[in-house]
Amino acid sequence: MNPARFIRRQLLSLSGVGLMLGALFFAAALTPTLIPRSYLTQGALAGGCFAIGYFTGILWRRLWHYLELPEPSARARSIANALAAAVCLLVVIVFLWRTAEWQNSIRAVMKMAPLETAHPLKVCVIALITFVLLLALGRLFALVARFLAARTRRLVPRKVANVIGVLVAALLFWSIASNVLIRTAFNALDSSFRELDVLFEPERPQPTDPGRTGSPASLVKWTELGRMGRRFIASGPAAAEISAVTERPAQNPVRVYVGLGSRNTAQARARLALEELKRQHGFDRKILIVITPTGTGWIDPAAMDTVEYLHHGDVASVAMQYSYLNSPLSLLFQPEYGAEASRALFAEIYGYWTTLPKDKRPKLYLHGLSLGAMNSEKSAELFETIGDPIGGALWSGAPFESRIWRSVTANRNPGSPAWLPEFRDGRLVRFMNQNGPTVPPDRPWGPMRVVYLQYASDAITFFAYRDAYRAPDWMNAPRGPDVSPELRWYPIVTMLQLALDMAVATATPMGFGHVYAPEHYVDAWVAVTDVSDWSAEALARLKEQLAAKARKTSAGDADDDPDRGG
């Protein structure tokens with residue numbers, strides 16, 4: 001076969017309506033959303049949007065014919081197509097020219113250096129490759145559907161056979177994708193993350209202090225903690241480090257962690273965590289925090305270091321790993337694992353905590369970041385704790401599927417923005433971002449304190465499937481301080497843009513997107529745990545020191561943590 005003739009035939013077979021609608025989708029994909037994009041991600045996104053627009057145009061034309069609606073004359077159709085093609089081409093050129101400006105509008109609010117160019121040629125090449133691959137897949141689907149319809153037409157009327165062919169082809173493609181491609185990818189990723197989890201880092205040797213998890217005296221073996229567990233145990237500040245910052249006497253914080261390899265079931269691991277916490281006298285501390293990690297078991301040091309400094313080390317924390325996969329994969333393939341594990345751990349800790357004298361036991365709190373926040377929400381049932389309530393919770397970067405977060409946001413006070421709601425009188429739930437809380441700090445709390453720390457630029461929190469057909473509330477004015485003023489809503493395209501933003505939400509500077517900063521955790525923990533022995537000046541100094549320390553190490557951690565922030 002002559003390659004030139006084959007390419008020419010394929011080009012002539014393309015739908016004009018599909019190409020025009022695809023061009024508009026391509027152009028809309030170049031506009032900004034929440035996270036800055038590289039030319040590689042921008043090209044892949046634009047190519048995918050072009051393909052969706054193209055297929056939508058084809059479906060529209062075929063539906064028009066199928067319903068036998070009146071057709072314009074050939075001359076009118078030719079003129080209309082030429083005008084529409086010219087307009088679409090002009091729109092694409094203008095949008096490509098403005099791409100760098102739009103990306104810089106995001107980078108400006110995140111205090112990032114501006115781009116000199118958005119590499120429009122590279123974007124177009126990557127988009128073309130993406131479109132061709134998706135077009136080939138679409139034509140393969142159409143070929144299979146026509147083949148099945150032709151075989152079915154012997155038994156049923158033509159139109160019914162066409163519908164059956166499309167449905168069967170869709171089921172066939174979905175079955176192959178889910179049972180072969182996705183399952184194979186899942187098994188490969190699970191194996192890869194499992195092997196990564198057992199790697200030992202020489203800079204984190206086994207602790208020798210018998211009072212620490214993983215030591216020779218510990219009930220939890222160092223080798224069974226997992227990579228993220230060993231990192232959590234080894235990375236916390238010691239009493240001397242805390243005193244050097246606070247200029248006050250301090251204790252060594254208690255950190256308990258149980259890895260997936262420690263026991264076979266979530267209930268058994270939770271019981272082991274309780275026994276290890278009791279061994280380390282964690283219930284004698286002022287503050288006790290039950291942590292639900294992210295997918296791989298990662299715990300944000302910015303969150304836990306902060307509360308340990310604030311309370312001079314008089315803090316015990318306990319966590320339990322529930323997956324080897326990072327948060328997006330764990331949410332997709334193992335959604336029940338995190339909820340089961342967090343529920344089991346909380347039940348064990350809370351059950352023992354309620355048996356202790358109320359005037360001698362620690363204040364009990366929950367914490368989770370990202371997927372950990374969603375699963376931490378599920379760990380405690382209100383009706384089970386209402387008779388003996390816990391102190392509260394700090395949940396940061398809660399995913400859009402988080403049940404309590406969605407309910408509170410949907411029922412926020414009229415006039416408060418969706419990206420930073422106010423809920424009733426603020427006695428139970430408050431929201432915070434880079435600028436602090438939504439209500440005055442001196443407003444009284446109720447018996448429980450729940451704080452959601454979230455950034456308006458965090459797509460993991462603000463993505464929604466309905467963004468495909470209606471503009472989200474958080475786009476309304478006034479917008480969050482870290483959201484581009486150039487952001488606009490486009491049907492279907494905006495949802496795809498935000499889906500990509502979720503995948504790269506941790507590629508932002510600290511304090512934006514899905515990367516939460518220690519200085520913002522300071523404000524959140526002050527509100528949740530009722531810190532009253534710090535002056536405003538001392539808190540400001542603590543924020544500066546923790547922020548400087550975090551930013552000094554954030555680049556290396558971001559490269560090393562496969563699940564950082566999510």
Side-chain angles (χ1 to χ4, degrees), residues 207 209-215 217-220 225 228-243 246 248-259 262 269-293 297 299-321 342 344-369 372 376 379-380 388-394 449 521 524-526 528-531 533:
D209 181 355
R212 298 182 65 185
T213 302
S215 69
S218 173
L219 301 177
V220 185
L225 276 174
M228 294 303 172
R230 289 188 288 271
R231 178 171 299 187
F232 174 63
I233 296 301
S235 63
E241 295 176 75
I242 296 174
S243 292
T246 64
R248 287 173 153 187
Q251 304 178 57
N252 286 318
V254 172
R255 290 189 171 192
V256 173
Y257 192 99
V258 175
S262 299
R269 291 192 295 273
R271 286 192 292 270
L272 177 62
L274 173 62
E275 294 305 317
E276 177 66 12
L277 187 62
K278 290 160 64 176
R279 186 189 75 84
Q280 296 190 42
H281 306 289
F283 290 94
D284 296 333
R285 297 304 178 100
K286 175 185 175 183
I287 301 292
L288 173 58
I289 304 172
V290 180
I291 309 168
T292 303
I299 296 172
D300 190 354
M304 297 316 301
D305 291 0
T306 300
V307 70
E308 289 167 351
Y309 277 101
L310 281 170
H311 291 280
H312 314 290
D314 197 7
V315 177
S317 55
V318 55
M320 192 170 80
Q321 186 181 18
S342 60
L345 180 60
F346 176 78
E348 288 289 337
I349 302 301
Y350 179 76
Y352 180 79
W353 178 79
T354 56
T355 66
L356 302 176
K358 292 186 178 181
D359 59 340
K360 294 183 179 179
R361 68 190 184 187
K363 291 185 177 180
L364 180 60
Y365 299 95
L366 302 177
H367 171 62
L369 163 69
S376 182
S379 67
D388 196 356
I390 64 174
L394 169 56
R449 304 180 175 203
Y521 274 119
W525 281 121
V526 165
V528 173
T529 61
D530 191 22
V531 176
D533 59 343

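What's counted below: heavy atoms across the whole structure, side chains too, no hydrogens, waters or symmetry copies. Values in this document were obtained by computation on a predicted structure and should not be read as measured data.
Within the 4.5 Å cutoff, no side-chain heavy atoms of Y352 are placed close to those of L277. Side-chain contact between V307 and Y365 is absent, with no heavy atoms from C-beta onward closer than 4.5 Å. Between S218 and E276, some side-chain heavy-atom pair lies under the 4.5 Å cut-off. Counting heavy atoms from C-beta on, the side chains of I233 and R212 come closer than 4.5 Å. In this structure, P293 and F232 have side chains that are not in contact, with every pair of non-hydrogen atoms separated by 4.5 Å or more. The shortest side-chain heavy-atom distance between I349 and F283 falls under the 4.5 Å cut-off. Taking 4.5 Å as the limit, some side-chain heavy atom of T213 sits within range of a side-chain heavy atom of Q280. Looking only at side-chain heavy atoms (C-beta outward), L394 and Y521 come within less than 4.5 Å of each other.
No option in T246, I287, D533 other than I287 meets the side chain to side chain contact (heavy atoms under 4.5 Å, CB included) test with H311.
Residues L225 and G214 approach most closely at CD1-CA, 4.2 Å, considering heavy atoms. Nearest heavy atoms, W353 versus D388: CZ3-O, 3.8 Å. Nearest heavy-atom pair, Y309 versus P237, reported as atom, atom and distance to 0.1 Å: OH-CB, 3.7 Å. The two residues R285 and G313 come nearest to each other via the heavy atoms NH1-O, 2.8 Å. Across A270 and E348, no two heavy atoms sit closer than the pair CB-CG, 3.6 Å. In terms of heavy-atom proximity, R279 sits nearest to G211 at NH2-C, 4.2 Å.
Once rounded to the nearest 0.5 Å, the distance linking CG of L345 with OG of S376 reads 9.5 Å. The OG1 atom of T292 sits 8.5 Å away from atom CE of M320, with the distance rounded to the nearest 0.5 Å. Distance CG/L288 to CG/D314: 11.0 Å, rounded to 0.5 Å. Here the NE2-CD distance, from H312 to Q251, works out to 10.5 Å after rounding to the nearest 0.5 Å. To the nearest 0.5 Å, atoms NZ (K360) and CG (D284) are separated by 10.5 Å. Rounded to the nearest 0.5 Å, atoms CD1 (I299) and CE (M304) are 7.0 Å apart.
Residues R255 and D305 are paired through a salt bridge, judged by an N-O separation under 4.0 Å between the basic side chain and the carboxylate.
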Is there a side chain to side chain contact (heavy atoms under 4.5 Å, CB included) between V531 and W525 once you walk through the steps?
CA-CA 8 Å; V531 176; W525 281 121; 5.8 Å; no
Carefully, step by step, assess V220 and Y257 under the rule side chain to side chain contact (heavy atoms under 4.5 Å, CB included).
CA-CA 8 Å; V220 185; Y257 192 99; over 6 Å; no
Checking side chain to side chain contact (heavy atoms under 4.5 Å, CB included) for the pair V528/H367: CA distance, chi angles, key distance, verdict?
CA-CA 11 Å; V528 173; H367 171 62; over 6 Å; no
Full working for side chain to side chain contact (heavy atoms under 4.5 Å, CB included) between S379 and V290
CA-CA 10 Å; S379 67; V290 180; over 6 Å; no
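Within the 3.5 Å criterion, the main-chain N or O of A239 finds a donor-acceptor partner in the side chain of N252. With S243 contributing its side chain and A240 its backbone, the two residues share no donor-acceptor pair below 3.5 Å.
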